[in-house]
Amino acid sequence: MLLSLENLLRATLLAHLKKTYDLEPAQLAVAQPPQAAMGDFACPICFELARTLRRAPAKIAEEIVAQIVLPSAFNRIEVAGGGYLNVFLRRDFLWQQMVTASRDAGLQVQFPGKVIVEHTNINPNKAAHIGHLRNAVLGDTFVRLLRHRGEQVEVQNYIDNTGVQVADVVVGFEHLEPMPPAALAADIAALQRLRAEAIKAGHLSPPPHCVALAPEAPPRPTFSFDYRCWDLYARVSQTFEQRPESLAWRSSTLQAIEAGPDAPGTAGTTAQLGELVGTAVVHAHLATMQRINVRYDLLPRESEILHLHFWDTAFQLLKKSAAIRLESSGKNAGCWVMDKAGSGVEIETEPEAGDAKVIVRSNGTVTYVGKDIAYQLWKLGLLGREFQYQPFSTYPDGHTVWTTASTAASGAVPAPAFGKASAVFNVIDARQNYLQEVVVAGLRALGFDQAAEHSVHFSYEMVALTPRCAQELGYTLSTADAKRPYVQVSGRRGFGVKADDLLDRLIMNAWQQVAQRQPELAVAEQLDLGITIAVGALRYFLLKFTKSTVIAFDFAEALSFEGETGPYVQYAAVRAANILRKQSGELTAGNPASLLEDIALWELVRLAARLDAAVETAIISREPAHLARYAFQLAQEFNNFYHHHPVLTEANLERRATLLQLVAIVERQLNTALGLLGIGVPRAM
RNA sequence: GCGCCCGUAGCUCAGCUGGAUAGAGCAUCUGGCUUCGAACCAGAGGGUCGGGAGUUCGAAUCUCUCCGGGCGCACCA
């Protein structure tokens with residue numbers, strides 16, 4: 001509500017300035033006064049006008065206040081602080097709006113057609129770790145924000161199934177733990193069966209993933225193929241380090257995987273292993289992400305980018321527009337390169353060898369940047385080629401995740417129309433800033449300036465570990481590392497916190513606390529509540545930091561359920577729900593006028609009305625942390641209210657009715673905010 | 001060497017397009033459960049916003065510079 005009221009105020013002021021002074025300022029800042037008693041909006045425009053009008057700010061402000069006619073939503077306008085225009089809302093007006101409507105009309109669709117958000121993008125060769133969780137939670141929350149605004153959003157999770165990382169694990173299954181495809185397939189099936197049985201037997205938390213919650217239950221790795229790959233990948237990397245000659249395995253494996261299982265002249269077993277590994281790990285990742293309420297629509301695979309000649313098409317385009325050139329000499333001889341100067345960033349610099357980025361290697365294979373340019377073009381509907389699709393898996397509610405394929409599905413259900421978005425957001429960590437710049441420069445070089453404009457790198461900083469946390473996990477650090485503020489995780493070294501391990505610990509923790517507080521509940525019920533709380537804690541923890549902050553992960557902090565945490569916000573929502581559940585009779589209108597004279601109550605109403613403004617800010621700044629902070633703030637003010645205003649025991653019935661209405665308003669806004677953060681509200685806690 | 005990011009309370013971090021007295025959480029100390037659940041609330045102490053210069057009526061916020069820390073700069077993704 002405050003969003004549209006702020007827009008209304010801004011429009012009114014602008015119209016007045018135009019009419020009275022013939023001024024049209026490009027920006028008109030509207031802020032909140034430091035104290036609620038000073039008003040609901042504050043506009044410092046008169047300080048700026050002082051120069052052009054050559055009069056004191058306070059004088060201008062007085063004149064405006066005397067002349068301007070405000071819409072009925074506003075109570076009055078006054079001069080304050082030497083020239084601010086402070087505007088007061090009609091309190092009963094906002095109250096009525098909050099009672100009747102749940103949505104702010106100021107929140108409007110900005111992208112025509114469809115928006116694509118690409119996130120998660122984990123190499124399908126090992127279990128997900130906390131860094132991947134940050135990516136997925138940021139991306140998923142941004143998707144929720146966009147959808148809340150009314151945007152049509154398609155969620156894509158890019159699968160690099162033909163890269164070095166998968167090849168390395170396949171090397172493991174070929175040379176370190178030799179295994180023919182049939183045996184590996186049987187192993188994977190057996191793991192899936194074991195997992196299903198354990199879930200059935202009640203040893204594990206709800207499907208689809210497994211959590212060894214009971215102490216006597218077998219440990220997770222028994223069930224998880226992605227865990228097995230985690231260890232094997234580290235072993236292979238170690239082997240490469242110790243015996244460099246074994247690196248030959250990697251290149252031959254990589255080539256076999258890129259060629260595919262049907263490549264002529266080969267048995268195709270290496271590629272089959274690659275597909276088995278990739279597919280099984282992606283299933284594991286989807287299960288992990290489903291535990292934290294993250295879902296997808298489409299899994300585009302790199303193998304199809306190659307086999308369906310997406311790259312060949314992009315290659316032709318790039319050559320035709322002279323965006324890339326064949327290097328004839330120097331260290332990049334034989335490669336197709338793109339000059340950095342082509343990005344327009346460094347036009348002045350001499351085109352030296354170091355300024356070029358290799359797009360096609362001298363052996364004819366394409367680099368990541370090349371493949372990503374092709375993929376970006378497709379997402380924006382500019383490539384002129386299409387994927388085929390097959391269903392990959394289905395969520396319990398029936399929503400199907402599709403994957404790209406070389407041949408179309410034979411089933412009755414046709415695939416949705418994927419791609420052709422008007423804007424694309426790529427959630428990729430900040431270490432890839434440079435590469436993402438090159439990709440966008442590629443779009444520009446092709447003449448797709450608008451597409452480049454609408455291809456946004458949603459960049460965020462990594463999750464590292466505090467030295468203490470690393471040592472807690474059993475890793476020995478060098479004395480230099482031990483003194484650093486944080487140390488990086490490394491999949492190659494098998495060094496990091498696995499996503500499912502962290503979730504298991506969080507759930508154990510939450511479950512224990514629920515069991516203490518709610519001993520009368522059935523264990524299954526306690527567990528269910530524990531899971532909701534654990535996921536709330538995790539998602540909030542990952543969202544409360546702004547994207548540019550490196551998260552130095554520490555168990556103590558992440559496992560906390562007190563203070564600025566997800567459970568704190570959930571607790572406020574549960575309290576509000578409890579009051580509403582225990583009150584009898586219907587919510588009546590009450591008489592808010594006298595109640596809202598209490599400035600503290602008015603502030604709570606006003607804050608509750610700011611939800612959609614917080615959403616809009618979060619979208620524009622691409623900063624979900626804004627909404628997380630807002631949710632916390634609302635919870636905080638509600639908890640304060642809770643302690644100072646007993647509702648159910650209020651003797652004055654009219655006052656009681658109004659208080660109840662207020663609780664209902666706050667509860668609705670808290671639930672919406674939590675939902676946008678991907679956090680559920682427990683029935684009790 | 002070049003590019004990007006960070007430096008705010010003892011610790012971890014907010015601070016939106018420059019605006020009024022720089023805010024949270026944790027930790028420390030104090031007080032509050034016969035109450036709609038204390039995973040809570042109230043109060044206290046704690047900051048020359050890394051240093052310096054500039055722009056401005058006004059700078060934690062913008063510009064420059066220096067110092068300190070991080071991440072990139074592959075025919076890996």
Side-chain angles (χ1 to χ4, degrees), chain A residues 27-31 33-35 38 42-44 47-48 50-51 56-57 80-84 86 121 123 160 163-165 302 331-337 340 345-346 349 354 357-363 365-369 371-372 429-435 437 459 461-462 464 466 484-486 488 510 513-514 517-518 533 537 544-546 548-552 554 556-557 560-565 567-568 570-572 574-576 578-583 613-614 617-618 620-621 623 625-626 628-629 632-633 636 639-640 642-650 663 684-685:
Chain A
Q27 300 261 327
L28 194 125
V30 174
Q35 287 163 24
M38 298 166 78
C43 181
F47 295 105
E48 283 173 50
R51 165 159 294 190
Y84 286 94
N86 283 7
N121 300 7
N123 278 311
D160 179 7
V164 177
Q165 310 236 13
E302 187 158 275
K331 60 169 189 167
N332 291 335
C335 299
W336 286 88
V337 300
K340 258 208 273 180
V345 180
E346 301 176 41
T349 49
K357 176 73 199 167
V358 171
I359 306 296
V360 180
R361 304 183 188 103
S362 53
N363 68 2
T365 57
V366 57
T367 61
Y368 161 74
V369 172
K371 284 177 277 197
D372 206 26
D429 82 75
R431 282 171 293 191
Q432 297 198 38
N433 282 353
Y434 167 65
L435 288 179
E437 263 175 49
S459 173
E461 276 291 351
M462 62 183 164
T466 62
R484 286 160 160 264
Y486 48 80
Q488 281 200 62
Q513 294 198 42
V514 170
R517 288 160 217 254
Q518 315 278 343
I533 293 162
K544 74 175 180 182
F545 300 95
T546 52
S548 60
T549 301
V550 176
I551 299 182
D554 190 71
E557 220 184 321
S560 166
F561 295 157
E562 286 163 22
E564 197 197 336
T565 64
Y568 176 96
Q570 289 174 317
Y571 191 60
V574 167
R575 283 176 146 179
N578 279 346
I579 293 176
L580 296 173
R581 182 152 26 83
K582 285 178 184 171
Q583 67 93 20
T617 309
I620 288 173
S621 58
E623 196 65 88
H626 276 303
R629 299 254 166 202
F632 174 67
Q633 213 182 330
Q636 218 174 13
N639 275 334
N640 176 296
Y642 184 91
H643 278 274
H644 291 95
H645 299 275
V647 176
L648 297 179
T649 54
E650 172 62 49
V663 172
M685 62 188 290

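Chain naming here is simple, since letters A, B, ... match the order of the sequence lines and numbering starts at 1 in each.
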Provide the distance between the two [atom1] atoms, one in [N] and one in [M], to the nearest whole Å.
N: G25(B); M: A39(B); atom1: C1'; answer: 14 Å
N: G23(B); M: A9(B); atom1: P; answer: 14 Å
N: C6(B); M: U63(B); atom1: P; answer: 11 Å

Can you tell me how far [atom2] of [N] sits from [atom1] of [X], to the nearest Å?
X: I551(A); N: C13(B); atom1: CD1; atom2: C1'; answer: 11 Å
X: E562(A); N: C40(B); atom1: CD; atom2: C1'; answer: 9 Å
X: Q35(A); N: U21(B); atom1: CD; atom2: P; answer: 11 Å
X: E564(A); N: G15(B); atom1: CD; atom2: P; answer: 11 Å
X: R484(A); N: G68(B); atom1: CZ; atom2: C1'; answer: 14 Å
X: K582(A); N: C36(B); atom1: NZ; atom2: P; answer: 7 Å
X: Y434(A); N: A74(B); atom1: OH; atom2: P; answer: 7 Å
X: F632(A); N: C13(B); atom1: CZ; atom2: P; answer: 16 Å

Can you find an N or O donor on one side and an acceptor on the other, under 3.5 Å apart, linking the side chain of [X] with the base of [N]?
X: R629(A); N: A24(B); result: no
X: N639(A); N: A42(B); result: no
X: S548(A); N: C5(B); result: no

- Which atom of S621(A) lies closest to which atom of T617(A), heavy atoms considered: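 Of all heavy-atom pairs spanning S621(A) and T617(A), the closest is OG-O, 2.6 Å.
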
[X] side chain N/O closer than 4.0 Å to the phosphate oxygens (OP1, OP2) of [N]?
X: Y571(A); N: A39(B); result: yes
X: T365(A); N: C75(B); result: no
X: R575(A); N: C40(B); result: no
X: Q636(A); N: G25(B); result: yes
X: N640(A); N: A42(B); result: yes
X: Y642(A); N: C33(B); result: no
X: T549(A); N: A14(B); result: yes
X: Q432(A); N: A77(B); result: no

- So how far is it from E437(A) CD to K357(A) NZ, rounded to the nearest 0.5 Å? 12.5 Å

- Message: With no hydrogens and no angle check, just 3.5 Å: does a side-chain donor-acceptor pair link N639(A) and Y568(A)?
- Response: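 Yes, because at least one side-chain N or O of N639(A) sits under 3.5 Å from a partner of the opposite role on Y568(A).
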
- Can you tell me if R581(A) and N578(A) form a side-chain donor-acceptor pair at under 3.5 Å? yes

- Item | Short side-chain to backbone donor-acceptor contact, T367(A) and I359(A), under 3.5 Å |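 Here the side-chain-to-backbone pair exists.
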
- Message: My understanding is that a pair needs two contacts under 3.5 Å, Watson-Crick or G-U wobble. By that rule, which nucleotide pairs with G25(B)?
- Response: C11(B)

Classify the nucleic acid contact of [X] as base, sugar-phosphate or nothing, counting any heavy atom under 4.0 Å across all strands shown.
X: M38(A); answer: base
X: A556(A); answer: nothing
X: V164(A); answer: sugar-phosphate
X: L435(A); answer: base

